[in-house]
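Here the structure comes first, spelled out in structure tokens, and everything after it is commentary.
Here is the naming used below: chain letters follow the sequence lines, and residue numbers restart at 1 for every chain.
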2 protein chains.
Amino acid sequence: MKDQLRCQSCGLTPLCLPVGMSEAETEKLDSIVHRNTPFHKGDHLFRQGDKFKGIYVITSGSVKSYYINKHGEECIVGFYLPGELIGLDAIHNRVYSCSVAVLETTSACEVPFSQLQNLTSEIPSLQHQLMCLLSKEVHNDCEMVAILASHSAEERLASFLLSLSSRYKSRSLSALEFNLSMSRTEIASFLGLAVETVSRTFSRFQEQGLLEVNRKQVKLLDIEALADLGGQYPHELNSGIPLNG
Amino acid sequence: MKDQLRCQSCGLTPLCLPVGMSEAETEKLDSIVHRNTPFHKGDHLFRQGDKFKGIYVITSGSVKSYYINKHGEECIVGFYLPGELIGLDAIHNRVYSCSVAVLETTSACEVPFSQLQNLTSEIPSLQHQLMCLLSKEVHNDCEMVAILASHSAEERLASFLLSLSSRYKSRSLSALEFNLSMSRTEIASFLGLAVETVSRTFSRFQEQGLLEVNRKQVKLLDIEALADLGGQYPHELNSGIPLNG
DNA sequence: CGCACGCTTGAACATGCTCAAAGAACGTGG
DNA sequence: CCACGTTCTTTGAGCATGTTCAAGCGTGCG
């Protein structure tokens, strides 16, 4: 295992499980983590119905979580960026309820749950942090519910972009300029809109000078105006508006 | 404290925190629980922005969780029935992000979080169950996201009714006939629809013989057909389709 | 009894969807 | 390295679903 691939030297530590843990404790956690070779676009971390093995943490790249509805359509439930935990919803019934596929070349840590659970009894701050991350996930999901219940396409897309923005920001990346790793179709599925509506809304935002968009490349020009359209849910003051972390 | 108001004799135990705990452990948990006098319609358990004190469990009645958007409108994020935990999203940042108001006369247990956290280090099954309940909440919220992203009003209302149905069922109440404690306006806000659309959709369902509805009283006649309209998200096999538990 | 509120229903309008087509980027294979 | 086909994105036009505005009705409460 290479040096940069250890919890102790990982830049995502402040967002991840080791928060509040001593070096020795972090070492213990590190020893149970599996680090697979990078996944490529289209690869799956796991599939809907698979037996729950553990939690995944994205370290680079991004993934989508989706299920197939009875019409055979792919319904996207969330996107995950580096530092975000995947599979938390499978703890209680020991089965992954969604499939998770990779959107671009992506690395992830796999944390076997039974071993993680053993560690939590030894390491109180690990237990605490795991609970905090679960709680945060609940918070983010509630926010997403609020976004989707707000009707207009503009509101939804604006909230989506602001969410990405703040999530990039909390990872020390640019909050104003970033690449969308997901297609228009995937954004549409996630936001409950038609592809054409997403595309048109992007164009309208650009005409209004709210942003510049060129395929995957997005540059937010007027965060204020976007925030006026979207994000009304009471989110945390400092960590922005993650929406499905 | 009256006898029926103890965890040891509470009928909701199989859904609540004491799952898997010994009698002695349950007793410990019971000793930290506050049981307030019943709340009445319009009362608040807490308000958006209040400092996080603890988790609430509804024991009878029902409540809504909502926030006020910048247009001054009430946006409903969830409804909670007996046995469901409230405030889980506030663990990580120690502030309630929504207000919770009572829809009808309601009793609730208040579990102070700092004391609960102390107990979790002593009682492994409490820690495990708390994590399971958090995980379940994440699962339910993801399901709600899926419901709201699915476009049509019929799908949303059908999913909503099926959710209530399965939640009543898991509480040993009738899955087919129940009272809506929330108004049409509140259902509309939750589902991201206009009141009129909710009302019309109820009427259409009734015309189609899917259900009988008379103000708050609902009787589901054709669960199959309703399920064909709604609930496509991969939910647990046995516990039905809770949507915001 | 009367008023207010919540629910229902109707009609016109608007937003977003569907269908259709064309242009731009990407990957493959020659 | 270029040609080609495929896929993704954008844009347009007509249509459908749901919203808005308005009015009427039933229920419950003072």
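Nucleotide D/dT17 holds its P atom 19 Å from the CG atom of B/Leu191, rounded to whole Å. In this structure, the NZ atom of A/Lys216 is 18 Å from the P atom of C/dA24, given to the nearest Å. Rounded to an integer number of Å, the gap from CG of B/Leu180 to C1' of D/dT27 is 17 Å. A straight line from CD1 of A/Ile187 to C1' of D/dT9 spans 11 Å, rounded to a whole angstrom. Atom NZ of A/Lys41 is separated from atom P of D/dT7 by 12 Å (rounded to the nearest Å). The distance from atom CZ of A/Arg184 to atom C1' of C/dC17 is 18 Å, rounded to the nearest whole Å. A/Glu155 has its CD atom 18 Å from the P atom of C/dA14, to the nearest Å. With rounding to whole Å, A/Glu104 atom CD is found 17 Å from D/dC8 atom C1'.
Side-chain N/O atoms of A/Arg200 and base N/O atoms of C/dT18 include a donor-acceptor pair closer than 3.5 Å. No donor-acceptor contact under 3.5 Å links the side chain of A/Glu186 to the base of D/dC8. Counting distance only, with no hydrogens placed and no angle test, the side-chain atoms of B/Arg156 and the base atoms of D/dG18 include no donor-acceptor pair under 3.5 Å.
Within the 3.5 Å criterion, the main-chain N or O of A/Leu88 finds a donor-acceptor partner in the side chain of B/Ser135. The backbone N or O of B/Ser62 sits less than 3.5 Å from a side-chain atom of B/Thr106, completing a donor-acceptor pair.
Closest of all the heavy-atom pairs between A/Asp89 and A/Asn93 is O-OD1, 4.0 Å.
Across all strands, A/Ser183 comes closer than 4.0 Å only to sugar-phosphate atoms, never to a base (heavy-atom distances).
Residue A/Leu193 is the one, among A/Leu193 and A/Asn214, whose nearest nucleotide of DNA chain C lies closer to the 5' end (criterion: closest heavy atom). Nearer to the 5' terminus of DNA chain D, by closest-nucleotide assignment, is the contact made by A/Phe202 (compared with the other of B/Val195 and A/Phe202).
The shortest distance between the side-chain N/O atoms of A/Ser199 and the OP1/OP2 oxygens of D/dT10 is below 4.0 Å. Remark: A/Ser203 is in phosphate contact with D/dT11, judged by side-chain N or O atoms under 4.0 Å from OP1 or OP2. Residue B/Arg215 places none of its side-chain N or O atoms closer than 4.0 Å to OP1 or OP2 of C/dG6.
When the nucleotides D/dT19, C/dC17, D/dG18 are ranked by their closest atom to the side chain of B/Ala194, D/dT19 comes out on top. Counting only heavy atoms from C-beta on, A/Glu196 has its side chain closest to C/dT18 among C/dC17, D/dT20, C/dT18.
Across A/Leu12, A/Thr59, A/Leu173, a single residue satisfies side-chain contact (heavy atoms from CB on, under 4.5 Å) together with A/Pro82, and that is A/Leu12.
Between A/Tyr96 and A/Phe46, the ring planes lie parallel to each other; the angle is under 30°, not in the 30° to 60° tilted range.
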